[in-house]
Amino acid sequence: MHIPDGFIDVPVSIAAGAVAVAGVAICIRGARRNLDERIAPLAGLTAAFIFAVQMLNFPVAAGTSGHLLGGALAAILVGPYVGALAVTTVLVVQSLLFADGGLSALGLNVINMALVTALVGWLVFRALVRVLPRGRSSIMAAAAVAAFSSVPAAALAFTAEYAFGGTASFSFGQVLIAMTGVHVLIGIGEAVITGLTVGALLATRPDLVYGARGMMPRLELRSGVPVPVA
Amino acid sequence: MGGGHRHGPGGALYLHGHSWVHRVPAHVKVVTLLLFVLVVVATPGTLRWTFLGYAFLLAIVARIAEVSLATILRRMSVEIPFLLFAVLMPFISTGPRVEVLWFSLSVRGLEAAFVILVKASLGVIASIILAATTSSHDLLLGLQRLRMPELIVQIASFMIRYAEVISGEMSRMSIARQSRCFEARGPRQWRVLGQSAGALFIRSYERGERVHLAMLSRGFQGRMPLVSNTAALPAQWWLALTLPLAAALVLLISWRAAR
């Protein structure tokens with residue numbers, strides 16, 4: 001959820017802005033290390049992809065539907081630094097060109113939806129990929145679990161910001177329970193969709209999944225009986 | 001969560017025009033918007049009439065910018081997911097309660113929900129006026145002038161340029177699915193949608209690679225030559241800053257009156 005203006009007070013919003021600037025600076029340095037001058041077109045197209053895929057509606061039941069948030073997916077597909085930069089850019093454009101998410105709350109939104117989701121998603125993904133056996137299904141499972149944990153993590157970040165600078169009349173405990181509860185449900189959807197998307201990619205272009213580099217079983221050349229040529 | 005973006009990305013919200021607000025350089029407008037929303041956010045919720053003053057100021061700006069009330073109301077739909085959140089507040093907040101119709105509502109929750117909704121709406125309206133009077137190209141130049149990291153500006157410029165292409169690709173894929181009698185009814189169809197998302201990523205990424213090669217063949221060396229001849233006149237700064245200054249004045253007056 002994009003936080004609008006006025007939901008979190010001024011000091012906490014400004015502090016969050018400073019943290020977000022620092023986080024984005026780290027991502028820029030990290031991204032330059034592994035993508036050099038290809039970074040702008042590829043991250044830009046990834047941002048356009050995230051923007052488009054957020055419009056893809058997944059029907060749940062009885063007319064309701066959800067959509068992908070995409071932070072963890074972006075991190076798995078193009079790496080945590082480039083992924084976080086892509087989602088940050090989506091948030092900046094949404095705030096300034098679509099009035100979605102307040103400008104004074106931009107730092108908060110970048111922390112929750114770009115930095116936390118990419119970081120948590122990536123760490124969980126890498127940890128699981130290391131433990132699980134090689135293969136497509138383990139990578140899919142790791143992607144799903146990573147996407148799942150990224151959503152409540154963003155909700156927790158939101159709750160922490162609320163505890164410091166919230167202006168609503170909910171108590172901290174209520175926000176914690178409600179946000180985490182709702183986002184566990186959202187996280188299940190995010191997990192299934194991310195897992196399926198990564199699975200579809202691994203089946204066709206495994207080389208495009210940054211997180212799966214060197215993790216897929218090697219292609220083996222089998223020599224057998226040569227096919228007679230007519 | 002919930003809502004999503006209905007409007008097409010490429011068209012953004014820009015409305016072509018020649019008003020004075022349209023002509024102010026984008027970086028001046030972004031600074032003005034930021035200062036204005038900071039004043040709004042800093043306003044104590046108890047000074048209720050102050051918000052009416054802010055709304056009046058925004059109405060004047062919208063009038064000068066030739067942005068109609070209908071446009072603003074239509075575009076305020078981005079607020080809907082948050083609206084649902086605020087509606088819950090009076091029901092589950094603690095403290096003294098009042099009976100409204102057949103509901104028992106928390107007074108504190110009602111007040112907080114009112115203040116939050118008003119502040120969020122003022123921010124949304126101010127952002128809508130910015131978006132309606134600033135083309136995405138001007139906005140990128142403005143962000144560059146405001147020392148936004150060059151990489152972010154570049155990523156944003158690619159994103160804005162290709163968002164429409166990628167969305168178009170997505171809607172063509174949706175038409176292709178429908179023409180094969182696909183209908184998304186529930187989680188059973190998620191596998192197909194996931195595959196579509198995967199295919200969309202492949203197409204986006206490959207397009208990115210092609211764009212990059214095309215750029216290299218035209219001499220790209222890692223920097224985009226964004227033409228930035230957008231210096232603001234002092235008069236434009238002062239006129240634009242009238243909005244946050246007037247808002248601060250309204251806040252000061254109502255704060256003094258309340259004491």
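Per chain, numbering begins at 1; letters A, B, ... match sequence-line order.
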Please find the pair of heavy atoms, one from [X] and one from [Y], that lie closest to each other, and give the distance.
| X | Y | answer |
| --- | --- | --- |
| A:Leu97 | B:Ser136 | CD1-CB, 3.7 Å |
| A:Ala52 | B:Ile166 | CB-CG2, 3.8 Å |
| B:Val78 | A:Ala99 | CG2-O, 3.5 Å |

Please check if atom CZ in A:Phe164 has more than 12 non-hydrogen atoms from other residues, nucleotides or ligands closer than 6.0 Å.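 It does not: A:Phe164 CZ has 12 such atoms or fewer within range.
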
Go through the atoms of [X] and report whether side chain, backbone, both or neither lie under 4.5 Å from a heavy atom of chain B.
| X | result |
| --- | --- |
| A:Thr204 | side chain |
| A:Ser95 | backbone |
| A:Val92 | side chain |
| A:Ile8 | backbone |
| A:Val90 | both |

With respect to chain A, which residue among [options] yields the maximal number of heavy-atom pairs within a distance under 4.5 Å?
| options | answer |
| --- | --- |
| B:Glu111, B:Gln189, B:Met170, B:Glu169 | B:Met170 |
| B:Arg203, B:Lys119, B:Glu79 | B:Lys119 |
| B:Ala197, B:Ala131, B:Ala199, B:Ser171 | B:Ala197 |
| B:Ile128, B:Thr43, B:Val41 | B:Val41 |

Within-4.5 Å side-chain heavy-atom neighbours: [X] and [Y]:
| X | Y | value |
| --- | --- | --- |
| B:Leu143 | A:Leu96 | yes |
| B:Ser204 | A:Thr46 | no |
| B:Phe158 | A:Thr89 | no |
| A:Leu201 | B:Ile202 | yes |
| A:Phe49 | B:Leu200 | yes |
| B:Gln195 | A:Leu196 | no |
| A:Val78 | B:Phe201 | yes |
| B:Val124 | A:Asp5 | no |

Sort [X] into side chain, backbone, both or neither according to what part of it lies under 4.5 angstrom from a heavy atom of chain A.
| X | answer |
| --- | --- |
| B:Thr134 | backbone |
| B:Ile125 | neither |
| B:Val115 | neither |
| B:Leu117 | neither |
| B:Met76 | neither |
| B:Leu139 | side chain |
| B:Glu209 | both |

Between A:Ala200, A:Pro11, A:Ala48, who has the most heavy-atom pairs with chain B when the cutoff is under 4.5 Å?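 Top count of heavy-atom pairs under 4.5 Å with chain B: A:Ala48.
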
Going by the side-chain contact (heavy atoms from CB on, under 4.5 Å) test, name the single residue among B:His212, B:Arg207, B:Arg210 that passes it with A:Pro41.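 The single option meeting the side-chain contact (heavy atoms from CB on, under 4.5 Å) with A:Pro41 is B:His212.
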
Could you give the distance from [atom1] ([X]) to [atom2] ([Y]), rounded to the nearest 0.5 Å?
| X | Y | atom1 | atom2 | result |
| --- | --- | --- | --- | --- |
| B:Ile155 | A:Leu45 | CD1 | CG | 11.0 Å |
| B:Tyr205 | A:Asp207 | OH | CG | 8.5 Å |
| A:Phe51 | B:Ser167 | CZ | OG | 7.0 Å |
| A:Ile28 | B:Leu151 | CD1 | CG | 5.0 Å |
| B:Met159 | A:Gln94 | CE | CD | 6.5 Å |

